[in-house]
Structure formats: C-alpha cells, structure tokens
Amino acid sequence: MDQDSMLTELNGTVDSVIYKNEENGYTVLRLRDGNGDIVTVVGCFPYAAQGETMLLSGSWMTHAVHGRQFKTEFAQRLMPTDAPAIYEYLAGGSVKGIGPATASLIVNRFGTRSLDVIENEPEKLAEIRGISLAKAKQISGSFRQQAGMRRLMEFVCSFGLRPILAMRMYKFYGDDAQALLQANPYILSSQHIGGSFSEADHLAMAMGMDEHSRSRINAAVIFELNHNTANGHVFIPRDKLAAATGQLIGVPPEEADESITQLSDAGLVILDEIADLTACYLPELYEAETHAAERIARMSRVVFDEEADPDRLILRLEKQQNIQYAAMQRRTLQMALDHQILVITGGPGTGKTTSIRAILALFEEVGIRTLLTAPTGRAAKRMTELTGREAATVHRLLGAKFDDDGEKVIFTKGESDPLECDAVILDECSMVDILLMDSLLRAMPDDARLILVGDADQLPSVGPGNVFSAILRSGVVPAVRLTEIFRQNEGSRIVRNAHLINKGEHPNLSENAGDFFRLRRLESGSTVDTITELCAVRLPGKMGIPPEEIQVLSPTRKGETGTVNLNKRLQAVLNPPSPEKKEKLFGDAVFRVGDRVMQIRNNYDMLWSSEDKRLHGTGIYNGDIGRITALDADSETLTVDFDGKLAEYGFDSLLELEHAWAMTVHKAQGSEYRAVILCLASNSQMLMTRDVLYTAVTRAKELLILVGDDNAAYRMIDNYRQSRRFSALRLRLCALRGV
C-alpha cells in the first residue's frame, strides 16, 4: 500500500456510504469533490450519511485491491444546508422513520429549514398529511439522539478513541455525556462504560491534566481495585496496590500510597489489618465480606431440635420414591434437618442431584417452604429439569434491576423485604462470588436454612472471592463430602476420567470407547477442521446428535483454536449465508438469522415476551443462550429466542451478544450438554490448568470428544497452580467461630 506523506485537504459531499463498522466507526464512502468527481474516502466517520458535507485532511494512498483512496486523519463534518442535499440526506435513511417519500414531503414544505424543524419544532411536521404528531415526535427524537450521539462521537474520535465508548456514554448520560467526560475523563474506565484505563488516561492527558495530578492518581487506585475484582480479588494488599498503581501510570509508589490514604479518609477505600497485611477494599466488597462472614458464622451455630423422627421420615421418603439411600445420603438428610446451614460437595456421579431431590422432598414432608436457585439461567433450568420444581437464578430470585442511573445493580429483595421461605437450596455454589452470596444472605429470613451445593474442584467464580472453597476450608460450616461414585455412573468413562484428572492422574486417552473419545491432532488448522466436521457432519450423521445439542469448548477466546475463530468457522458450516437469511455486520462479526448466540453480560432491564405475547418479563442474563429469529434493518433491531423468551436488541446493543457454537470453559460452568467437543491446544499457562480441564470434562452428559494434542491435556493435569485470590472470608469465619 503506497501512501503520500504530506497531509492534503479534500472537501466534498457524501455521495454514498459503502461500508461502516458500528463498533469502531471505520467507514468507507464515496465523496463528490468540488470538481464533481467521485473519490473513495476511508476513515473514522460514525453515522456518516449521504448528503452531508465533509472538510477532510489526510493523504492519498493506493490500496492493492481497491485502488486509489483518501485516508482521512482529521474531519470536519457539516450537515447539508441546501434543499437538494437535505433531501438526499433524509431520503438515504439516515433518520429513523423517514424514507424517500416522507423526505420529499418535508423538504417540499420546509426547504432549507427542514432539519431545524425536525430538531426543534416537531409539531410542524404533523402539519404534513400522513405524519401524525406521535410520528413527528418519534422522528424528532431519533434525529436529536443521532445528532447528540454524533457530536459526542466526533469529540471522542478527535482524541483517537473508539466510537463505541461514545455510544455507551450517550446511552447512560444522553446530552450530558460530553460535559461529564470533560469534567471527569476517567468515567470512561468505569465498569458500565467499559473503556480501558489507558483510554481514559489518554483523554485526560490530551485534555491537559497533569500526570502527577491527585485526581489522576486517585482514579488509578480505584481503577486497580475495580480491575482486580475481575481477577477474583476481594482486596489488594496496600504495598501491592501502591506498586501496581505506580506502574500503571508511571508515578512513584509513594505518591500512590498518599492517594490510598486520601481515599481512605474520604471513605472511598477501606483499610483493614488481615494476617499481617494492610488490606485495601472497595467499600461494597468490604461490607459484603464482613457481613457474609458474620451471617454464615451465626448460622453455623444454630442446631435445630426437630420433633419429627428423622429415621421414620427418611424411611417414608424411601418408600415414596422407591429408592434406598446410601449411608452418606442418609447422613446428609439428617444434617439438613439438624443445621441451619449445610455444605454438600462432590464430583460428578457422586449423588449431589439425588441429595438435592431428597432434601427437597424431606423439607416438603415437614412443611419447610423451600426455594431453589442457581447462579446462571442454564444452571437454574437444569435444576428445574432434575427436581421437577421451578428454580430461579439468584438474580431473578432477588429481583435484580439497575438503579435509576443505570450504572449499578440493586436487588428489591433484602433485609427490609426478605424472601418468603423457610429454606434456600443453592446449586453450583462454586460460581457464586462474594457480592452475590452476601446479597442472598441479606434477603434470607433470620431463621431460614441454607443448603450450599457444588463441586469445590471446579473453577472458582468469575467475580471476586472463592466463596465456596473458603467456606469449606474454614471448617466452620457443617459439610458433607460425597466421594462414592454411584453404580449407575460407574460405567461412564467421563465420570471415571474426571475423577482421575481431579486426583492429578493421567487417564488413558488412547482408549476410545464408551462416552469418552480422543482425536489426536497436532496442528491447529487440522484441529479446527476436525471440530468443524464433527459438528456439521459426523455427529449429526453417524450418532444422531444434532448441532444444537453439541457444545464446543476451548480454554481461550484467542488464536486459531480460540472461540472467536471457532465460531466463525462453525457459523460458515452450520448457518451459512443465503438470500433468505437477513444479516447484520457488527464489528468483525456477522449476526445472521439462525445464529446461535449468547448474552455476555447481565441486562436486568431487557424486556422479553413469549411468542404468543401472553407472558412478559424483564432480564436476560450473562450466559443465556438463544437463536436469532428475526432481523429488521428498518427498525435496526434483531430478535433472539431464549428458550421461548423473545428479546429484541437494537443494533447499538449487539455488544451484549456473541456467537455460541463455541464458548470458553469459564462460560460453560454450571451447564451440562449432551455432547461436548473440547479443543486442546497450547495456550497461556494461566488457562492450561487442571481445574479448567476438569470443569470442561464434567460439562459432558453423554459424549465427550477431546480434539488436539494429548500432551496439552497432560500438561493441564500436571498444572495444579491455582492463582491466589486475596480474600479474607475463611480467616473471618475462623475468627468469628474461634477456630
């Protein structure tokens, strides 16, 4: 690609938009220059539209495929001012609700004032036959939003930042977004906006903030604490926090330490002495950990004196269910009756589900009202299927919603409005972080029982803390460890090999039989080819397993064997393009009707309805999987069916979705699939661990196929390095019970 070095100017009117990427603003357009010639222009032009005028600075280059182009470095964009250009702008579909016919009516009536009328006097639009007042207001609202968004995008792009950050800022703050950014650039790195600290810092420096400014260092300290919650840490030791902050922004650790003191004085950071460390907490994490420890320790002291004869109750249950409980299961039932809080842990095939069903039946027998819950929608659905009783996600159980600012999650259920129950059974507890556990505990009546069920050897929660493991390791809470593999599971090589992996032993991967297979592939390309063929041809054709019942897993998102590339390959064979299928290009992804997609963040306000419109609700949650059923380019929406819940996404919300034929092992936690294909290749040591492999293997219900290098599996088994998480829940529990 040849490029002239000197910046030149180019002025003209947009003739047509060839390509636009909503995620980063990159646009290819045809520009009619001052001589009337059509030239190709590339650059960052969010919301570029036919008919607008552009004053550009950049350089000419010759693309190997597309020929001569003008690469834009700086752009000044002007709305059209003469009537023909305004008509072109409106007729091109740039304003929702206006097509060529309506554009003609508006321009014929208002001429050069058309855009001003649309923005500031929408009631005058209603004077035109065929435009109701409601439609006029809708058109005006769309235009004003677009104009505000565009101004904000131009501001953000002028500093070389991603336009998607402007979209999120505008979504939360509307027309106030730019003023807020100018007052506090570090709002970009807040969780709900999702920018990196470096992007926010770049903006702050470009706007003239001093690199040793106390505001900058304070923002960096808070960012480090927030950022490390994603690494599972509940607190950071003071010396480590000061060092990490200094390294992040290039200031001495002593200056960062001064900020920690200042933030502590202001109540924005909580300092606590723990095991010879000065722990630095965000306030909500400190409150969650200390309250959860106090409540769990208090519950662990309670022993009930039930009047009912437990042996007679258990015998009656065995007769009702035509089952004979093993000695450990009978002990589990006895402990569930005796204690206010109980932990049940065990690997696959050891009877955790049987224990849940038995406890539920036992509680019903003695009149204990019980709620069932799990951390994710898929885990809750599985719990419902296995027990025959409705289970809800913890978020739905607690009535999760966004606060009025749309920035923070709040729960309607809590100490002032507790759950109406006598007991809660929480499954897949290893996935629950300290914030969610504390919220559940706050919502439980003082005398309610809590049964915590999970596999302590699976991956810990994505969020802060290692709650399930900490409770077990404290020795404070009554616990049952299920170790015996039940007879009906003894023939499963998935179950046997999972237990071998968990013990650090190497299973015989060359023994292809039963429900556990290995296809050895040493090259990444052949690994991906084999996975694609298995999903599209071999499993559906030879084993009768349809693609929708197959889940491909990979430890990583990145690289040739990562989920991003795997999803592109699987989309090409499982849902290829066709004239009958509408699609939308968003960033590097194509969303197509028929695609399997996953929600990747909790959206408590997302509206959904059943297909017959009789049922309505709110909330689509991280990990929910659905299928795209409709796409409407005019309304800029697509519809996803999540197991009968139809949710409509605006194109500006597509960041909440990603394709889901392949997903990371972390995302698959809490779910079971009829068939699992695990992609095995060399990845980051952080991901090549025993608990990642163990978690992946235990996701398979009927069939597991490992595709890749045996040595990668063996390295994972041998790598028992579990990253240390800074959390004090275990220590607090021990201290409160005097252990």
Side-chain angles (χ1 to χ4, degrees), residues 347-349 455 457-459 485 489-539 542-543 545 550-566 569-570 661-669 673-722:
D455 186 341
D457 296 311
Q458 285 187 26
L459 290 165
I485 300 176
N489 297 306
E490 286 177 351
S492 168
R493 292 188 66 238
I494 292 174
V495 171
R496 291 209 317 272
N497 287 343
H499 284 272
L500 288 174
I501 290 166
N502 197 30
K503 290 188 287 186
E505 298 178 20
H506 290 192
N508 181 3
L509 296 182
S510 63
E511 182 190 345
N512 279 346
D515 55 8
F516 193 106
F517 293 83
R518 180 271 277 146
L519 299 178
R520 192 162 184 255
R521 301 290 185 270
L522 299 182
E523 300 295 331
S524 296
S526 61
T527 298
V528 174
D529 290 342
T530 299
I531 290 171
T532 304
E533 185 189 7
L534 284 167
C535 292
V537 181
R538 292 166 65 175
L539 293 189
K542 294 184 179 180
M543 301 192 69
I545 303 176
I550 303 167
Q551 184 60 59
V552 176
L553 300 180
S554 173
T556 183
R557 289 177 52 83
K558 300 175 181 178
E560 192 171 5
T561 57
T563 58
V564 174
N565 183 57
L566 283 167
R569 290 289 303 275
L570 290 167
W661 290 287
M663 68 175 68
T664 62
V665 177
H666 282 82
K667 284 289 186 185
Q669 241 185 308
Y673 308 96
R674 181 179 175 187
V676 167
I677 300 171
L678 176 60
C679 180
L680 283 176
S682 294
N683 292 296
S684 161
Q685 279 294 101
M686 295 283 289
L687 300 170
M688 301 295 286
T689 60
R690 186 186 302 172
D691 55 358
V692 169
L693 181 61
Y694 174 74
T695 301
V697 169
T698 53
R699 299 309 91 208
K701 196 155 109 180
E702 295 181 17
L703 177 67
L704 177 73
I705 302 177
L706 307 182
V707 182
D709 186 356
D710 297 5
N711 290 323
Y714 296 143
R715 284 196 299 273
M716 293 175 82
I717 294 168
D718 296 340
N719 183 10
Y720 191 54
R721 184 193 59 79
Q722 290 185 319

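Of the inter-residue distances, the one linking L687 atom CG with T556 atom OG1 reads 5.5 Å to the nearest 0.5 angstrom. Here the straight-line distance linking atom CG of L539 with atom CG of L534 works out to 5.0 Å at 0.5 Å rounding. The line from CG of D515 to CD1 of I494 is 4.0 Å long, rounded to the nearest 0.5 Å. Residue L706 holds its CG atom at 12.0 Å from CZ of R521, rounded to the nearest 0.5 Å.
Considering all non-hydrogen atoms of both residues, D455 and P348 come closest at OD2-CD, 4.2 Å. Pairing each heavy atom of L566 with each of S554, the nearest pair is CD1-CB, 4.1 Å. Nearest approach of S510 to N508, heavy atoms of both residues: OG-OD1, 2.6 Å. Scanning both residues, H666 and V692, for their nearest heavy atoms gives CE1-CG2, 4.4 Å. L680 and A713 get closest at one heavy-atom pair: CD1-CB, 3.7 Å. Here the shortest heavy-atom pairing between M688 and A681 reads CE-O, 3.4 Å.
Side chains of E702 and I545 form no contact here, defined as non-hydrogen atoms less than 4.5 Å apart. Residues C679 and I677 are not in side-chain contact: their nearest non-hydrogen atoms beyond the backbone lie 4.5 Å or more apart. Residues R699 and Q551 fail the side-chain proximity criterion, which asks for heavy atoms closer than 4.5 Å. In this structure the side chain of N497 never reaches within 4.5 angstrom of the side chain of L704, judged on heavy atoms. Counting heavy atoms from C-beta outward, L519 and R538 have side chains that approach closer than 4.5 Å. L553 has its side chain out of reach of K667: every pair of non-hydrogen atoms, C-beta onward, lies at least 4.5 Å apart. Residues T689 and Y694 are not in side-chain contact: their nearest non-hydrogen atoms beyond the backbone lie 4.5 Å or more apart. T561 is not listed as a side-chain neighbour of P555, based on a closest heavy-atom distance of 4.5 Å or more.
Shown here is R557, whose CZ atom has no more than 12 heavy atoms of other residues, nucleotides or ligands within 6.0 Å.
Qualifying side-chain hydrogen bond (donor to acceptor under 3.5 Å, both in side chains) partners for R690, counting only residues two or more places apart in sequence or in other chains: none. In this structure, the side-chain contact (heavy atoms from CB on, under 4.5 Å) partners of L522, at least two apart in sequence or on a different chain, are R520, D709.
Side chain of R569 to main chain of I531: no donor-acceptor pair is present (N/O by atom type, distance under 3.5 Å, no hydrogens or angles). T695 contributes a side-chain N or O that, together with a main-chain N or O of L459, makes up a donor-acceptor pair within less than 3.5 Å. Side-chain atoms of R493 come within 3.5 Å of backbone N or O of F516 as a donor-acceptor pair.
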For side-chain contact (heavy atoms from CB on, under 4.5 Å), just list the numbers for I705 and R518, CA-CA rounded to whole Å, side-chain angles, deciding distance to a tenth of an Å, and then say yes or no.
CA-CA 6 Å; I705 302 177; R518 180 271 277 146; over 6 Å; no

Report the C-alpha distance between D691 and D457 in whole Å, list the side-chain angles of each, state the deciding distance to 0.1 Å, and finish with yes or no for side-chain contact (heavy atoms from CB on, under 4.5 Å).
CA-CA 6 Å; D691 55 358; D457 296 311; over 6 Å; no

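Applying side-chain contact (heavy atoms from CB on, under 4.5 Å) to Y714 and the options L509, N719, L693 leaves one that passes, L509.
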